[in-house]
2 protein chains.
Amino acid sequence: MPSERGDLREPAIGGVSTSQLRLLTKVARMYHEHGMRQPQIAEQLHISQPRVSRLLKQATALGIVRTTVITPAGVHAELEEEIERRFGLRDVVVADTGHSSPGEQSALKAIGAAAAVYLETTLTGGDRIGISSWSSTLLATVDAMRPRPNPVADQVVQVIGGVGSSTSQIYATRLADRLAILTGAKAIFLPAPGLATSSAAREVLVTDPHISDVMATYGSLTMLLAGLGSLEPSPLLMESGNAIADTDQDALRKLGAVGDICLRFFDEHGEVVKSALDERVLGIDTDTLRSIPRVVGIAGGTRKYTAIRAALRGGWLDVLVTDLDVARCLAVEPAP
Amino acid sequence: MPSERGDLREPAIGGVSTSQLRLLTKVARMYHEHGMRQPQIAEQLHISQPRVSRLLKQATALGIVRTTVITPAGVHAELEEEIERRFGLRDVVVADTGHSSPGEQSALKAIGAAAAVYLETTLTGGDRIGISSWSSTLLATVDAMRPRPNPVADQVVQVIGGVGSSTSQIYATRLADRLAILTGAKAIFLPAPGLATSSAAREVLVTDPHISDVMATYGSLTMLLAGLGSLEPSPLLMESGNAIADTDQDALRKLGAVGDICLRFFDEHGEVVKSALDERVLGIDTDTLRSIPRVVGIAGGTRKYTAIRAALRGGWLDVLVTDLDVARCLAVEPAP
DNA sequence: AGGATACCTGAATGAGTATTCAACACTGGT
DNA sequence: ACCAGTGTTGAATACTCATTCAGGTATCCT
């Protein structure tokens, strides 16, 4: 039988006779519109229940029954799926920032709120959460979370030391502390600077049991909450006393670094950028980080776009929470 | 006595927050469009299976997920042919509404689904589609359409301004937007009210390039998707803030008008009814409208019967999508 | 405050549905 | 006639999903 390409014929769809179509529609109506159960329909029409099931399946296949999902305004399901698909993520949350201008303050709040909701709905207990620190986005997230009556996580572990002055070290600690309180988890702090003055200094510090004990827990984390760093100047970093010296930053840029997670830097393809800095970082190492089952990246703003894209390309994240603008850009990126 | 309850659920919020809507939509898409099983979804989103089940139920209740049973073409072939013959139409699609009572909700869905199928099978690419707005029937149509993988139309153009409050203007815009997304076409909006407050006001508005540029495209449309207005009170129109003032309506009735397409009114013979209103309408004009090669009227319900019959008599339409009740009446009408 | 109500949750479970499987019926070819 | 091949059927069953239930929390009302 020569197969016809043109499908503009008058009667009978898909090689099904009109009388069968009648039966199909009848059954479909009974089931979907009148809410009858299959055995009921079977009895009434004197056919077997499996037959009803098959008819319904066929009706769906032929398009007689169609189910549509309508995306409500202000929700960006397609966008989220597109990004998930492109970069192989488990989940993407797009915060609707409305028409916020470059003044990132409201975007920050929106991302924080979205991330907070994400955490509240997906933290069900038993997680050991790592949290990278001193990120204003993470701060916004924690600020937006509501305290849970009963524990929804076991541990909250600080995966990177405090950075800069002792003031911002407290800052870092407070973030972990707040999250621990909100989730009812035990907080585990890393009482150390994030960046030792030299690799030798780092060696000395990691022999301290207070520090090595904490770092030993990194391997058993089930989740990591990570801010993304970009190598653009960030207001908070600046204010907190130059986390990374300008010279270091320049060196990293020369090596092609565009961003970092927990001070582990990567280039625009998401490839690790090794540098002298690595030997001075007191925090989770790259391999351990990448072995965490659920890494949640929370970041937005066009300033961080390059870093976000790189992190996705490199497969650093499993879940991304970001804003609408960034999401729109990501959705049109070529796949990694 | 309007038995229809809140039909203006465009904000789609039944006391549900946006973040919840987001989750609902996401789950709904995973289940219905990607065919994932509930446990799978639960695992990926870190929620429990019962929760997925409940979310899906809620999504259905809120109308985010809707299931329709359509009558396959050809089941009412004789009826369709009869109407085509009598009124010289190119195509007629009769939606079987089952035994639905005056409560027009299910009839609306059936017509919408039938129209959706018609569009899906006859849009093959290259069309420039005009769409009249704020019609609940058109809304139902767009809702029932399934996204096509590749573009099947070039443009979707809004041929009449928004009507009523700013809320329902968005309504109008979204209709065009959704259709554009579904067909992969470029959306062109008419950023204006459908009815200016005076003919002078209209003159001012049409000098705006944002508006005149859009209106300039009307001449090259290859297809028009039109709802039919009747001069009976329509629930949607009423709720959306009295599109047409009562006084205007009375005047039109006195002139013999029984219905309209894109606010161009006609009497029971389908003859144009000129009135002062014409000078205030921001939308496609009668001549341009009637020169469009394929005008598809989508309307049903006995409330609109007179208007539908008049439109057919006047030759306003090339294609009609309607319900079984109206079709039966039309089939026994004397030819125009 | 206290207490009652309404609500939400996940584990367990029962309801409802899809699929397997063996039997059977129909083709068309030898 | 006979027999692959193909398709259809219903009984049994494996599967998926919706609901119950118990335990808990917010909120309102006294």
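Computed over heavy atoms, backbone and side chain alike; hydrogens, waters and symmetry mates excluded. Everything numeric in this text was worked out from a predicted model, so none of it was measured.
A sub-4.0 Å separation between OP1 or OP2 of D:dC17 and a side-chain N or O of B:Lys57 is absent. At least one side-chain nitrogen or oxygen of B:Gln38 sits closer than 4.0 Å to the OP1 or OP2 atom of D:dA18. Between A:Arg54 and the phosphate of D:dT8, there is no side-chain N or O to OP1/OP2 separation shorter than 4.0 Å.
The interatomic distance linking B:Ile41 (CD1) with D:dC17 (C1') rounds to 11 Å, in whole Å. Atom-to-atom, CD of B:Gln40 to C1' of D:dT16 comes out at 12 Å; the value is rounded to the nearest Å. Rounded to whole Å, the distance from CG on B:Leu56 to P on C:dT17 is 16 Å. In this structure, CD of A:Glu120 is placed 14 Å from C1' of D:dT25, rounded to the nearest angstrom. When rounded to the nearest whole Å, the span between CZ of A:Arg37 and P of D:dC17 equals 14 Å. Per the geometry, CD belonging to A:Gln20 stands 12 Å off C1' belonging to D:dG7, to the nearest Å. Straight-line distance from the CG atom of A:Leu123 to the C1' atom of C:dT9: 15 Å, rounded to whole Å. Rounded to whole angstrom, the span from the CG atom of B:Leu55 across to the P atom of D:dT19 amounts to 14 Å.
When side chains are defined from C-beta on, B:Leu21 counts as touching B:Ile64, because their heavy atoms get closer than 4.5 Å.
In terms of modelled atom types and a separation under 3.5 Å, the side chain of A:Asp127 and the main chain of A:Ile129 share no donor-acceptor contact. Judged by distance alone, with hydrogens and angles left aside, the side-chain atoms of A:Thr322 form a donor-acceptor pair with the main-chain N or O of A:Ala299 at under 3.5 Å. Judged purely by atom type and a 3.5 angstrom limit, A:Gln155 has no side-chain atom pairing as donor or acceptor with the backbone of A:Val157.
Ranking C:dT9, C:dT17, D:dC17 by closeness to the A:Tyr31 side chain, first place goes to C:dT17. Ranking D:dG10, C:dT9, C:dT17 by closeness to the A:Pro39 side chain, first place goes to C:dT17.
Between B:Gln49 and A:Ser53, the residue anchored nearer the 5' end of DNA chain C, judged by the nucleotide with its closest heavy atom, is B:Gln49.
A salt bridge links B:Arg29 with A:Glu81: at least one charged nitrogen is closer than 4.0 Å to a carboxylate oxygen.
For A:Arg51 against C:dT17, no side-chain N or O and base N or O form a donor-acceptor pair under 3.5 Å.
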